[in-house]
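Each chain gets a letter, A, B and so on, in the order the sequences are listed, and its residues count up from 1. Computed from heavy atoms alone, side chains included, the values below leave out hydrogens, waters and symmetry copies.
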Amino acid sequence: MPELPEVETVMRGLDAVLTGKRIRRAETRRADLRFAFPPRFSARLEGQRVLGFRRRAKYMLMRLEGGESLLIHLGMSGRMVARQEGAPVVPRIGPQGAASDARGHNQPPEAHEHVVIETEDGWRIGFVDPRRFGAMDLMPTAAEEEHRLLKGLGPEPLAAEFTAAALSEKLAGKRTPIKAALLDQQVVAGLGNIYVCEALFRAGISPRRLAQSVAGARAERLVPAIKQVLEDSIGAGGSSLRDYVRADGEVGRFQDRFDVYGREGERCARCPGPPGCSGIARIVQAGRSTFYCPRTQR
DNA sequence: CTCGACTCCTGCTGGC
DNA sequence: TGCCAGCAGGAGTCGA
């Protein structure tokens, strides 16, 4: 569900609520998410002060003063639910979950809330993940990059090192479609199904094109398109097919600005529509939907 | 090695 | 109106 812009938005929300605070209590409601929690998971969180956050690809890393870091991955359906003791508004950091009225009264118990973290100043952060494709783990802060989930990740798409030349090098020899290659986190880390579709549209590149043929001028168009679509979405607070609420209570609105994702049959922004073109197409690649304009993406 | 198919899990929706 | 197949933003594993 969440791709880089949504993870970045959630991380900023967590940072605002948790950084500088001490964790009073932590609790797991089941033994595992995607994989089992590490030994003494709750005990290793309790009493720790949160030093700060960073994001790597779609992973969030929360630094603790004791020298460990908490890794958080939202998977497809994960979100963070934040509430404050006595506060009327219930911010949901992530796609919308169980409803509450405007004052936060009669809050139903959140289903699939697998982890709860409480701060000493009365914030309660819940990790809600119905499909349990998400994950949490603890590791030494000094060895974050050695973690099995982070080791081997490709470059951050928003980093200066992610250039057309760097991308072309990664794609050289790849005979898989460019769509699938961009979903490979070892090629570039943080893109998912939505933003790959959107970036390829902006760059005018067919998702079916062989990855190895995206070099030269095409790579020079694709890299800025990736950066721009991610920055646009972060600026809008991320996106969701459902409502998306940030820590400040604002709603992520980038889904209103999708050019192709979820728009099968609609006229694309660059085309006159029939009879010149038949609109945005949906195909299935590697088992996942791809949306694109067959006329302008080559 | 590279690539696509399959798998994990639950919820929502769209088409009958 | 109601039901259920199909699909969903991720990513690891397996076998060809």
Side-chain angles (χ1 to χ4, degrees), chain A residues 1-11 29-36 55-60 71-80 92-99 108 110-114 127-137 147-154 170-199 207-208 210-212 229-230 233-234 236-245 252-258 260-265 282-291:
Chain A
M1 176 175 289
E3 304 180 34
L4 188 154
E6 290 73 42
V7 175
E8 178 71 24
T9 300
V10 171
M11 187 200 69
R29 301 273 181 86
R30 55 177 303 139
D32 63 300
L33 295 171
R34 170 173 277 287
F35 48 82
R55 180 190 56 71
R56 175 72 172 110
K58 300 169 195 171
Y59 298 93
M60 293 178 281
L71 175 144
I72 304 171
H73 183 62
L74 299 173
M76 286 277 266
S77 59
R79 64 182 194 273
M80 309 302 294
R92 292 175 294 265
I93 308 172
Q96 186 175 43
E110 190 79 57
H112 305 294
E113 189 173 63
H114 306 310
F127 178 78
V128 177
D129 184 11
R131 294 175 75 176
R132 278 185 282 120
F133 291 169
M136 285 198 189
D137 204 0
H147 192 276
R148 63 192 168 88
L149 295 176
L150 303 187
K151 198 170 51 181
L153 285 173
K170 287 274 195 181
L171 297 178
K174 282 198 177 290
R175 306 189 56 77
T176 192
I178 184 65
K179 162 73 188 305
L182 294 176
L183 286 175
D184 181 349
Q185 301 297 296
Q186 299 190 63
V187 170
V188 55
L191 298 181
N193 208 33
I194 290 177
Y195 295 103
V196 166
C197 291
E198 294 296 310
R208 312 167 68 148
L210 285 190
Q212 64 183 2
V229 73
L230 295 176
S233 182
I234 291 170
S239 61
S240 170
L241 301 182
R242 309 181 67 71
D243 289 349
Y244 196 93
V245 181
R253 295 227 170 265
F254 192 71
Q255 67 274 15
D256 300 334
R257 292 202 259 145
F258 291 161
V260 289
Y261 189 84
R263 295 186 173 277
E264 181 182 12
R282 173 183 174 272
I283 59 174
V284 174
Q285 294 178 290
R288 318 208 43 201
S289 290
T290 299
F291 298 89

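- Taking only side-chain nitrogens and oxygens, A:Tyr195 never comes nearer than 4.0 Å to OP1 or OP2 of C:dG9.
- Among the candidates A:Glu110, A:Glu113, A:Glu6, the single residue satisfying the salt bridge (Lys or Arg N to Asp or Glu O under 4.0 Å) test with A:Arg79 is A:Glu110.
- Side chain of A:Arg175, nearest nucleotide from B:dC3, C:dA11, B:dT10: B:dC3.
- Atom pair A:Phe133:CZ and B:dC6:C1' shows a separation of 12 Å (rounding to whole Å applied).
- Counted by atom type alone, A:Ser239 and A:Tyr195 present one or more donor-acceptor pairs between their side chains at under 3.5 Å.
- Side-chain atoms of A:Val7 and A:His73, non-hydrogen and from C-beta on, never get closer than 4.5 Å to each other.
- When the C1' atom of B:dT2 is taken as reference, atom CG of A:Leu210 falls 13 Å away, rounded to whole Å.
- Pairing for B:dT13 goes to C:dA5, judged as Watson-Crick or G-U wobble with the two contacts each under 3.5 Å.
- One N or O donor and one acceptor, one from the side chain of A:Arg131 and one from the base of C:dA8, sit under 3.5 Å apart.
- Put simply, A:His112 has a side-chain N or O that comes within less than 4.0 Å of OP1 or OP2 on B:dG11.
- The pairing partner recorded for C:dT13 is B:dA5, the criterion being a Watson-Crick or G-U wobble arrangement whose two distances lie under 3.5 angstrom.
- Although no hydrogens or angles enter the test, the distance criterion places a donor-acceptor pair under 3.5 Å between the side chain of A:Lys170 and the main chain of A:Gln186.
- A:Glu264 places its CD atom 13 Å from the C1' atom of C:dC7, with the value rounded to the nearest Å.
- Nearest nucleotide to the side chain of A:Pro177, out of B:dC9, C:dG12, B:dG4: B:dG4.
- Here A:Arg288 does not reach the OP1 or OP2 of B:dG4: none of its side-chain N or O atoms lies under 4.0 Å away.
- Closest contact between the side chain of A:Tyr59 and the listed nucleotides C:dG9, C:dG12, B:dG11 involves C:dG12.
- Considering only side-chain N and O atoms, A:Lys174 lies nowhere under 4.0 angstrom from the phosphate OP1 or OP2 of B:dT2.
- Where A:Phe291 and A:Gln185 meet DNA chain C, the nucleotide closest to each residue was compared, and A:Phe291 sits on the side nearer the 5' end.
- Within 4.0 Å of A:Leu183, counting heavy atoms only, lies no atom of the nucleic acid at all.
- For A:Lys58 and C:dA11, the shortest distance from a side-chain N or O to OP1 or OP2 is below 4.0 Å.
- Nucleotide B:dG4 holds its P atom 11 Å from the CG atom of A:Asp184, rounded to whole Å.
- Between the P atoms of C:dC4 and B:dC8, the separation comes to 22 Å (whole Å).
- Among the atoms of the strands shown, none is found under 4.0 Å from any heavy atom of A:Gly287.
- When the C1' atom is used for both B:dG11 and C:dG12, the distance is 23 Å, rounded to whole Å.
- For the pair A:Arg30 CZ and B:dC9 C1', the computed distance is 9 Å after rounding to whole Å.
- Taking atom CZ on A:Arg282 and atom C1' on C:dC7, their separation rounds to 8 Å, with Å as the unit.
- Residue A:Thr176 places its side chain closer to B:dC3 than to any other of B:dG11, B:dC3, C:dA11.
- Going from atom CG of A:Leu33 over to atom C1' of C:dA11 covers 15 Å, rounded to whole Å.
- For A:Asp137 and A:His147, the side-chain atoms include at least one donor-acceptor pair closer than 3.5 Å.
- Checking B:dC3, C:dG9, C:dG12 against every side-chain atom of A:Asn193, the shortest atom distance belongs to C:dG9.
- Separation of the C1' atoms belonging to B:dC12 and C:dA11 is 22 Å when rounded to the nearest angstrom.
- Out of B:dC3, C:dA8, B:dC8, the shortest distance to the side chain of A:Tyr261 is found at C:dA8.
- The 12-atom threshold is exceeded at CZ of A:Arg30, counting heavy atoms of other residues, nucleotides or ligands nearer than 6.0 Å.
- Environment of CZ in A:Arg208: sparse, with no more than 12 heavy atoms of neighbouring residues, nucleotides or ligands closer than 6.0 Å.
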